[in-house]
Engineer: 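Just dropping this structure here.
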Amino acid sequence: MNWKKHCSTANTVFVIVLASLIAGVFWGSVVTGLIRYFFRPDDDIVMQWIWLPVTIVITIWGLIYFPKHLRKVGWIA
């Protein structure tokens, strides 16, 4: 493989991972904020038992399903 192929692959991986992390952190924060607003639990409980699992699950979901949609939009080749 030449250097252009390596750069293209690195760009694709970077875009997919970054988009997945941003989506995971965003939706984890939204869910955490809603739960803190309605149920008023402790901060440690919310961050450990709600934000972290939601962020991990959405990030993994994004890594699996985002490539198809990002290609369709034209963000990756």
Side-chain angles (χ1 to χ4, degrees):
M1 291 174 55
N2 56 13
W3 65 273
K4 288 183 182 180
K5 183 69 174 169
H6 284 293
C7 288
S8 175
T9 303
N11 184 26
T12 301
V13 169
F14 181 74
V15 167
I16 292 169
V17 169
L18 191 62
S20 298
L21 281 172
I22 288 171
V25 169
F26 173 77
W27 286 110
S29 299
V30 168
V31 169
T32 301
L34 290 173
I35 289 175
R36 285 183 66 198
Y37 180 76
F38 288 116
F39 300 113
R40 310 245 186 239
D42 245 359
D43 284 343
D44 295 338
I45 293 171
V46 171
M47 295 306 280
Q48 185 177 6
W49 295 106
I50 297 168
W51 183 82
L52 190 61
V54 169
T55 302
I56 290 171
V57 166
I58 292 177
T59 300
I60 291 171
W61 177 83
L63 289 173
I64 294 170
Y65 290 106
F66 273 4
K68 178 177 72 170
H69 300 293
L70 291 176
R71 260 190 212 95
K72 195 175 188 181
V73 172
W75 282 18
I76 58 176

Engineer: Which residues, ordered by chain and number, are linked to Ile45 in its hydrophobic cluster, where ILVMFWY side chains connect at heavy-atom gaps below 4.5 Å, directly or through other members?
Structural biologist: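 Traced through the cluster, Ile45 reaches Trp49.
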
Engineer: Is any side-chain heavy atom of Val30 closer than 4.5 Å to one of Trp27?
Structural biologist: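 Trp27 reaches Val30 side chain to side chain.
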
Engineer: Are the side chains of Trp51 and Val31 in touch, meaning some heavy atoms are under 4.5 Å apart?
Structural biologist: no

Engineer: Are Val25 and Leu34 in one and the same hydrophobic cluster, where Ile, Leu, Val, Met, Phe, Trp and Tyr link if side-chain heavy atoms are under 4.5 Å apart?
Structural biologist: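 Different clusters.
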
Engineer: Using side-chain contact (heavy atoms from CB on, under 4.5 Å) as the criterion, list what pairs up with Pro41, not counting sequence neighbours.
Structural biologist: Ile35, Phe39, Val46

Engineer: Donor-acceptor pairs are to be reported for all side-chain atoms of residues 69-77 against protein atoms at under 3.5 Å, with residues two or more places apart or in another chain.
Structural biologist:
residue, atom, partner, partner atom, Å
Arg71, NE, Ala77, O, 3.2

Engineer: Would you compute the distance between atom CG of Leu21 and atom CD1 of Ile58 and round it to the nearest 0.5 angstrom?
Structural biologist: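 The distance works out to 12.0 Å.
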
Engineer: Which Ile, Leu, Val, Met, Phe, Trp or Tyr residues join Val57 in one cluster when any pair of side-chain heavy atoms under 4.5 Å counts as a link?
Structural biologist: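 The other cluster members (ILVMFWY side chains, heavy atoms under 4.5 Å, direct or chained): none.
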
Engineer: Taking a hydrophobic cluster as the set of Ile, Leu, Val, Met, Phe, Trp and Tyr residues connected by side-chain heavy atoms closer than 4.5 Å, whether directly or through intermediates, do Phe38 and Met47 fall within one such cluster?
Structural biologist: no

Engineer: Scan residues 19-34 for pairs that pass salt bridge (charged side-chain N to carboxylate O under 4.0 Å, His left out), counting only residues two or more places apart or in two chains.
Structural biologist: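 Salt bridge (charged side-chain N to carboxylate O under 4.0 Å, His left out) check on residues 19-34 returns no pairs.
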
Engineer: Please check if Ile64 and Val17 belong to a single hydrophobic cluster, counting links between Ile, Leu, Val, Met, Phe, Trp and Tyr side chain heavy atoms closer than 4.5 Å.
Structural biologist: yes

Engineer: Taking only residues two or more places apart in sequence, or in another chain, which ones meet Ser20 in a side-chain contact (heavy atoms from CB on, under 4.5 Å)?
Structural biologist: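 By the side-chain contact (heavy atoms from CB on, under 4.5 Å) rule, Ser20 matches Ile16, Thr59, Leu63, Phe66.
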
Engineer: Kindly give the cluster partners of Phe14, where membership spreads through any ILVMFWY side chain lying under 4.5 Å from a current member.
Structural biologist: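 When side chains under 4.5 Å apart are linked, the cluster holding Phe14 also contains Leu18, Ile22.
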
Engineer: To the nearest 0.5 Å, what is the distance between CD1 (Ile50) and OG1 (Thr55)?
Structural biologist: 11.0 Å

Engineer: Applying salt bridge (charged side-chain N to carboxylate O under 4.0 Å, His left out), can you list everything that pairs with Asp43, at least two apart in sequence or on another chain?
Structural biologist: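 Testing Asp43 for salt bridge (charged side-chain N to carboxylate O under 4.0 Å, His left out), a comparison that skips the adjacent residues, returns Arg36.
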
